[in-house]
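Structure record follows, encoded as structure tokens.
Because the structure is predicted, anything quoted here is derived from the model rather than measured. We use all heavy atoms of the structure for the numbers below, so side chains are in, but hydrogens, waters and symmetry mates are not.
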Amino acid sequence: MKILKIPPTIEKISYFCRMNGLKTIIYTKSAELPALSDDNFFHSRRLFSICEQTPRQKPLMVVVSDASGRVVSHLLGVIRVRTTLLPPFLLIHCRVMGEGVYAESEYPKEELFGEMLGALNKAVNGRTLFIEVSHLSQKMVGYRQFRQQQFFPVHWMSIHNSLHSRAPEERLTEKMQKRIATATARGVTTETVSTEKDFKAFSKLLRKHNLLKPKRYIPDDMFFRKLMESGDGRLFVTKFRERVIGCSACVYSGGNAYLWYSAFRRKTYRPLYPDVMTIWHAIKHAHENGYQHIVFMDVGLPFSKNLFREFILKFGGKPTSTYRWFRISVKWMNALAAWIYRE
């Protein structure tokens, strides 16, 4: 098996594009990026810049442009470096969230996606243990292109709450309504992080809560600081008598809210329902600010019994089956995983 090292510097790379009249370039520095659409935060210059300034993250923007230099599509991948308690102790992977952004053009979206996916795969292959592509707009997006490049799908669950047709309160179960009323009466509040003290408490709780969750990647504090400064995200803390008992991080893009990270002190403060109050505030804040939906970005694998998924559904959300696509750089490991997760 290959021993993966921290990736060397990846400079701007140009690829020959299989589609006539197009050119594919991978950018690694925000100062060199061409003009891009910023409608989708997860493939924007803003997120690129945030990741660029965050330790142990390296953004790669794949850009396809036509003969006149006009950008017809772009896709952001982020190399993440993390330490683990078990071998190999250093885990390097590349994460892509969504299928990218596409301008109106004569070129088929599916072919452009395949071009960008192939270019990214070439750039990181051997430098990362695996590539993960998640949060596609539809389950079958890019299916043929993924298969052609030896990616394998893993069934996943997605949950989103609609905020435009009915008030969030109308979607709550009776039990959840009682818990919110009880916690509020006991003095539990949730507020936006605005002080250094609250930020440190947010970071401490988030890391402690996810310490034993190997799949959960928590970025350096710099990521969350830059996220707040960008205006594209907010950090929240749930408090009881000035003690932080819950926290969450949300980002906003394309008229929707996305709950990206969350943590709670459920066992210590069980009678105060810190998990309920933290999630409920994120939903209420999104509704009050006119967002169409709130998306819960990681509710896990679609096991028949998933406690966190069942908890989130009590807020009136809609579950959807989807895929996450993976490709492992070590060929025999990729073949084995593809066999295990075969459909």
Side-chain angles (χ1 to χ4, degrees), residues 37-44 47 97-102 104 109 134-142 155-185 188-192 227 230-236 238 246-262 264 273-304 306-324:
S37 168
D38 270 356
D39 291 342
N40 186 328
F41 174 72
F42 298 103
H43 296 277
S44 66
L47 182 55
M97 304 180 73
E99 63 266 32
V101 177
Y102 302 82
E104 290 291 335
K109 179 179 176 180
S134 64
H135 298 91
L136 299 171
S137 60
Q138 296 180 19
K139 184 175 183 178
M140 301 305 291
V141 166
H155 285 279
W156 218 266
M157 288 300 297
S158 174
I159 295 177
H160 72 273
N161 286 34
S162 295
L163 304 175
H164 55 86
S165 56
R166 295 167 60 190
E169 291 85 354
E170 298 177 22
R171 299 181 184 275
L172 291 174
T173 63
E174 184 177 347
K175 181 181 289 187
M176 294 301 278
Q177 292 176 3
K178 290 181 178 179
R179 289 181 174 180
I180 293 168
T182 298
T184 302
V188 179
T189 61
T190 303
E191 57 194 58
T192 303
L227 185 63
S230 73
D232 292 293
R234 283 180 179 266
L235 310 183
F236 300 105
T238 300
C247 66
S248 66
C250 294
V251 296
Y252 307 97
S253 174
N256 295 320
Y258 296 82
L259 196 149
W260 203 343
Y261 299 95
S262 60
F264 334 97
Y273 308 113
D275 50 352
V276 174
M277 294 300 286
T278 300
I279 300 299
W280 176 239
H281 180 83
I283 295 172
K284 283 289 290 180
H285 180 271
H287 178 254
E288 290 169 357
N289 285 273
Y291 294 101
Q292 298 293 297
H293 306 89
I294 182 167
V295 180
F296 300 93
M297 296 188 67
D298 197 353
V299 293
L301 293 163
F303 298 128
S304 57
N306 182 318
L307 294 179
F308 186 65
R309 181 187 68 214
E310 297 305 315
F311 165 68
I312 293 297
L313 286 174
K314 291 178 181 178
F315 292 94
K318 178 182 178 181
T320 305
S321 176
T322 185
Y323 285 138
R324 286 196 180 188

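If you look at Y252 and Y291, their ring centroids are closer than 6.0 Å. Between H155 and Y323, the ring centre distance stays below 6.0 Å. Between W260 and F296, a ring centre-to-centre spacing not shorter than 6.0 Å is recorded. Note: H285 and F236 meet the aromatic proximity criterion, with ring centroids under 6.0 Å apart. Taking the six-membered ring for Trp and the full ring otherwise, the centers of H293 and H164 sit less than 6.0 Å from each other.
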(request) Please assess R179 against T173 for the test side-chain hydrogen bond (donor to acceptor under 3.5 Å, both in side chains), listing each intermediate value before the final yes or no. (result) CA-CA 10 Å; R179 289 181 174 180; T173 63; over 6 Å; no
(request) Please report the C-alpha distance between H135 and W156 in whole Å, then the side-chain angles of each, then the deciding distance to 0.1 Å, and finally whether the side-chain contact (heavy atoms from CB on, under 4.5 Å) criterion is met. (result) CA-CA 10 Å; H135 298 91; W156 218 266; over 6 Å; no
(request) Could you walk me through whether E99 and S137 pass the side-chain hydrogen bond (donor to acceptor under 3.5 Å, both in side chains) test, one step at a time? (result) CA-CA 7 Å; E99 63 266 32; S137 60; 2.4 Å; yes
(request) Evaluate side-chain hydrogen bond (donor to acceptor under 3.5 Å, both in side chains) for S262 paired with S248, printing each intermediate quantity in order. (result) CA-CA 4 Å; S262 60; S248 66; over 6 Å; no
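Checked by atom type and distance alone, the side chain of H43 never pairs as donor or acceptor with a backbone atom of S37 at under 3.5 Å. A donor-acceptor pair is defined here as one N or O able to donate and one able to accept, closer than 3.5 Å; such a pair exists between the side chain of N161 and the backbone of F315.
The heavy-atom pair separating G246 from T278 by the smallest distance is CA-OG1, 3.6 Å. When every heavy atom of S162 is checked against every heavy atom of S165, the shortest pair comes out as CB-OG, 4.4 Å.
Residues that satisfy the salt bridge (charged side-chain N to carboxylate O under 4.0 Å, His left out) test with D38, not counting sequence neighbours, are R46.
Electrostatic pairing of E174 and K178 counts as a salt bridge here, judged by a charged N lying under 4.0 Å from a carboxylate O.
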